Enquirer: 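First, the structure itself, so that you have it in front of you.
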Protein chains: 2
Amino acid sequence: MAEVTLKDVARASGCSVATVSRVLAGTRPVGAETARTVREAAARLGYRPNQVARALRSRSTGTVGLVLPQITNPFFPSLVRELEHALHAEGRAVLLADCDDDPLTEAARIGALLDRQIDALLLIPADEHHSRDAVLEAAARVPLVLLDRGCGPGVADSVAVDNAAGMALVLDHLAATGRRRPCFIGAAGTASTAVERRAAYETGAAAFGPQAPGRTELGDFSVAWGRAAVDRLWPARPDAVVCANDLIAVGALQRLRQLGADVPGEVAVTGFDDIPLAGLADPALTTVRQPVPELAAEATRLLTHRPAGFASRRAVRLTPELVVRASSAEGAR
Amino acid sequence: MAEVTLKDVARASGCSVATVSRVLAGTRPVGAETARTVREAAARLGYRPNQVARALRSRSTGTVGLVLPQITNPFFPSLVRELEHALHAEGRAVLLADCDDDPLTEAARIGALLDRQIDALLLIPADEHHSRDAVLEAAARVPLVLLDRGCGPGVADSVAVDNAAGMALVLDHLAATGRRRPCFIGAAGTASTAVERRAAYETGAAAFGPQAPGRTELGDFSVAWGRAAVDRLWPARPDAVVCANDLIAVGALQRLRQLGADVPGEVAVTGFDDIPLAGLADPALTTVRQPVPELAAEATRLLTHRPAGFASRRAVRLTPELVVRASSAEGAR
DNA sequence: AAATTCCCGGAGAACGTTTTCCCGGGGTAG
DNA sequence: CTACCCCGGGAAAACGTTCTCCGGGAATTT
């Protein structure tokens, strides 16, 4: 029933499978009259090409793999959405894999996708170091683009936000609005976002004066950690708490309010990423917006337009944007 | 290089492709000695079976489609995660499609996935009515399980939470904690979750007395709508605001606080779904937790164990759980 | 008018598996 | 000793495409 094949169309239109294939794929010019009959027969029978057979023959599945650390990380869904739309628009389908932040699972998933003959792989690596081998291996087989996070230099093409620039935006803003004693709540992991944001904070914070900056605490990218870190930092009474991402900032915000601190009057709080939650926090969170649609567009562009015989790796950095909200308001002081 | 095929292994191990296939797939018993040599050769060459070829021949891709309305809806990521894990655990891969809440896009995506010869389809329908045709068509081709939302009776197997039971839990809890004048902020759409929760509220609210319940307002499943609805309902001073999902509840919570209302002292607020945001709201949101892991497990079970020649559709309803948090606390009154 | 090119169409190989069918040898039963 | 059967193994068909090669007729060139 739903098993209409090229052969059926050929029989119905009185010509060979080769011709039918040519008409439908537009591979080679074919007589106007025959083309018409073929197209009509195909429509009448409701022919849909079997993509698996097509893939086997043409060595291209029209499928790209997307491997990410944790779909439940609120930054990823919008990215996945943009990627899905961009890829489906070109007729490619997305094989999704969630590796649960575990490099071993990640490697297994990558393997599974490669076995399925994906044309290309989009990967948000779980760990800067431990993902490296799997990435190298995969990059040798298919076009691969690293997204959001890096994985050592020159491993593969990559697209990410300029974390240093983003952190600079935050620090400039805080300085401009009169904050003098910032501190930092970061993530200890080796994920490149953690490392870069941490480093950028250290660099930028120096401008506040030699010993102005308070301590920096390192944990993970979670709300719980944000809460916990505040307990350690608040006694020193910083006037700004810079967080490595929005989840941490939300936690910090919560705990500060519990402790009776006045945000933003007494202390400003900033995040990073601009996840949906950021705008909903109270007070709304000042943060750095990642250009998600641009990240997705650039990633798919890198996948598709890969210059032949172009060995060198491309690393695209997109500039983020500062989103100032209530949590760092000046007027309230 | 990465192109090791069965033929290569056969040549390396000195036997035929048929034998190699049999050894590796374990299809048929084969001599112990030959099996050893074959396995060894395969390992040495690093043979990985080409799943596309396998799929073409065996008419099974080991791939299931997952189509959902909006991956950015915060309820879905955890569901996707569970499904991905369950399916990958059985060696199946997931083709993901996001239809942007649009039934037309949904139909197109379903078609694209079917062309790729998915073995089965998991679908969270975008709309109860407008998704129906596409669902019926798809269900005729592959095993299909509807998730979270329905699509008319008897269309396909389905797994969802018992919305009526969940709403009853909320209303019982409110009644038990002394609330007398509830009102409802729901969604107007025809998504089955919207319909069922709305109906369940109407039924349950009757127990509060003939004219006790305040108005019910219908919009969409969004934070913005929650805020807007409060402006309409608050003048009537309900002592409980029951919301059709957590997003609405978060919006309501925000607006109520802006208006100076005391939550939960003056008015309780409840949500539905228990998305991560619910626990982070201030005050933390009382809500109904959907049993996400169970939903996923049940869905994959229905996909795999489908009784041969079992025509009737199965509709599984899972019981939700009430999560009482600060937004409906009694002590605070 | 003959030769060359061009165009349209078909036959069939190929992609990498799985699976059917067949065959030879050794064991057991008659 | 013959008949049968089982077991391990190979040859080759099949899955549904795409694409190469080839041929025949018309059109163009010389």
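Here the structure is a predicted model, which means the values were calculated and not measured. In what follows, chains carry the letters A, B, and so on, assigned in the order in which the sequence lines appear, proteins first and then strands, with residues in each chain numbered from 1.
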Enquirer: Report the distance from atom CG of B:L24 to atom P of C:dG16, rounded to the nearest whole Å.
Expert: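 The answer, rounded to whole Å, is 16 Å.
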Enquirer: Looking at B:Q70, I'd like to know if its CD atom is crowded, meaning that more than 12 non-hydrogen atoms belonging to other residues, nucleotides or ligands lie closer than 6.0 Å.
Expert: yes
Enquirer: I'd like to know if B:E106 and B:R109 make a salt bridge, using a cut-off of under 4.0 Å between side-chain N and carboxylate O.
Expert: no
Enquirer: Donor-acceptor pairs are to be reported for all side-chain atoms of residues 146-153 of chain B against protein atoms at under 3.5 Å, with residues two or more places apart or in another chain.
Expert:
{"residue": "B:R149", "atom": "NH1", "partner": "B:P125", "partner atom": "O", "Å": "3.3"}
{"residue": "B:R149", "atom": "NH1", "partner": "B:A126", "partner atom": "O", "Å": "3.4"}

Enquirer: Is the NE2 atom of A:H130 crowded by more than 12 outside heavy atoms at less than 6.0 Å?
Expert: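 It does not: A:H130 NE2 has 12 such atoms or fewer within range.
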Enquirer: Within the 4.0 Å limit for protein heavy atoms, which parts of nucleotides 16-24 of chain D are touched? Write it as a string from 5' to 3', B for base, S for sugar-phosphate only, - for none.
Expert: BBBBBB---
Enquirer: Would you mind checking if A:D100 and B:R81 are paired as a salt bridge, meaning a charged N to carboxylate O distance below 4.0 Å?
Expert: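 Salt bridge between B:R81 and A:D100, a charged N being under 4.0 Å from a carboxylate O: yes.
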